[in-house]
There are 2 protein chains.
Amino acid sequence: MFSKACEYGIKASIFIAISSSEGKRVTPKQIAEEINSPQAFTAKILQALVKHNVINSVKGAYGGFEIEKNDISKIKLAQIVNAIDGDKIYRGCGLGLEICDENHPCPVHDKFKSVRTDLQNMLESTTLEELAINIKSGASFLKV
Amino acid sequence: MFSKACEYGIKASIFIAISSSEGKRVTPKQIAEEINSPQAFTAKILQALVKHNVINSVKGAYGGFEIEKNDISKIKLAQIVNAIDGDKIYRGCGLGLEICDENHPCPVHDKFKSVRTDLQNMLESTTLEELAINIKSGASFLKV
DNA sequence: ATTAAATAGGATATATTTATCCGATATAAA
DNA sequence: TTTATATCGGATAAATATATCCTATTTAAT
Ligand code: FES
Ligand code: FES
């Protein structure tokens, strides 16, 4: 469904959101430990998220990654997925036709589109804040 | 969403269903032309579908691939996806946790599960026959 | 200024997926 | 029995995704 990079990106963003809500910046090392991911690879993904303005980075000693407190409730999963996997999950044809087009549909177009739209709605309506709250309360987990 | 192999497998199965309904066997060459896929790679996928009893093969001259006419309305997309991509699309965690478990859910478990179940229902209720009919009528397309 | 700690980013390595090639085997027809 | 035509299956190649390594740059604290 999502690439590994995207999975790491989502989990990392949630952890950064939690830390930022507590006023703490975090390093790729801490993030990788917390979400059980390869550190250097995770660092690359964080760079991409910075470039797409999902998270902020602060260089130098006492630096790290963070998210503006006020942004945590505004950032949607869709932004993260889009930053890393692009929009093929929303717009791509389920059977790999070059473009998904109502006027030239593949055999599963209608049925696939329905599922795909549900996924899109889910990603566009889910905020980092609610996911972070669930982790904090112990209702969900980032690893194992 | 699906692997390339799975996309080819679905499209190939639809084309074989159409041909078989007309009493004709088809070769990997014909299939690859019809669905715009690499021939040798497609042949591998056909072998997997034969092993999983989705399609039949007949070796030797005048041989090829076919589907029992009576089976065309019984074969569901889910069988094809399962034969090629396995069941991770139905059972795997959206964020890559080792197992998707109600008692140890990832942050998106509930929302993801809903989408995943819709996809599963779609795949389990869609028959090769209905997809083949849509192609025959010109309502949908297998390539470009 | 110097040092320590952190991100940025290029180069490289590994694993997986996708794709190609070729010879072995099976089978229908002549 | 011979020939032509298929699938089968192993070996290999190419492309992409995943992962690691190392150096440069930035910055806070001393
Ligand atoms: S054309 Fe295939 S999903 Fe729209
Ligand atoms: S645990 Fe992640 S989807 Fe169920």
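Here is how names work: the chains are called A, B, and so on, in the same order as the sequence lines, proteins then strands, and each is numbered from 1. No hydrogens, no waters, no symmetry mates; every other heavy atom, side chains included, goes into these values.
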Exercise. Which part of the nucleic acid, if any, lies within reach of B/Gly60 when heavy atoms closer than 4.0 Å are counted: base, sugar-phosphate only, or nothing?
Worked result: base
For this session: Report whether B/Phe141 and B/Tyr8 are members of the same hydrophobic cluster (ILVMFWY, side-chain heavy atoms less than 4.5 Å apart, transitive linking).
Result: no
Seminar exercise, completed: Between CD1 of A/Ile45 and P of D/dT18 the distance, given in whole Å, is 8 Å
Problem set entry | Salt-bridge contact A/Glu7-A/Lys11 (side-chain N to carboxylate O under 4.0 Å) | no
Problem set entry | Lys/Arg N to Asp/Glu carboxylate O, B/Arg25 vs B/Glu66, below 4.0 Å | yes
Exercise. Any chance NZ of B/Lys29 has more than 12 other-residue heavy atoms, nucleotides or ligands included, within less than 6.0 Å?
Worked result: no
Exercise. Over how many whole Å does the gap from A/Leu49 atom CG to C/dT7 atom C1' extend?
Worked result: 14 Å
For this session: Give the B/S/- string for nucleotides 8-19 of chain C, one per nucleotide from 5' to 3', where a protein heavy atom under 4.0 Å of the base yields B, of only the sugar-phosphate yields S, and otherwise -.
Result: BBBB------SB
Seminar exercise, completed: From CG of B/Asn56 across to P of D/dA6 the rounded distance in Å is 18 Å
Seminar exercise, completed: Taken to the nearest whole Å, CD1/A/Ile31 to P/C/dA6 is 12 Å
Problem set entry | Among B/Asn36, B/Leu131, B/Ile135, side-chain contact (heavy atoms from CB on, under 4.5 Å) partner for B/Leu142 | B/Ile135
Exercise. Yes or no on side-chain hydrogen bond (donor to acceptor under 3.5 Å, both in side chains) for A/Ser73 and A/Thr127, after CA distance, side-chain angles and deciding distance?
Worked result: CA-CA 6 Å; A/Ser73 63; A/Thr127 67; over 6 Å; no
For this session: Find which nucleotide of DNA chain D each of A/Val58 and B/Val58 is nearest to by heavy atoms, and output the residue with the more 5' nucleotide.
Result: B/Val58
Exercise. CD of B/Gln39 versus P of C/dC22: gap in Å, rounded?
Worked result: 13 Å
For this session: Rounded to the nearest angstrom, tell me the gap between atom CG in A/Asp85 and atom P in D/dA17.
Result: 9 Å
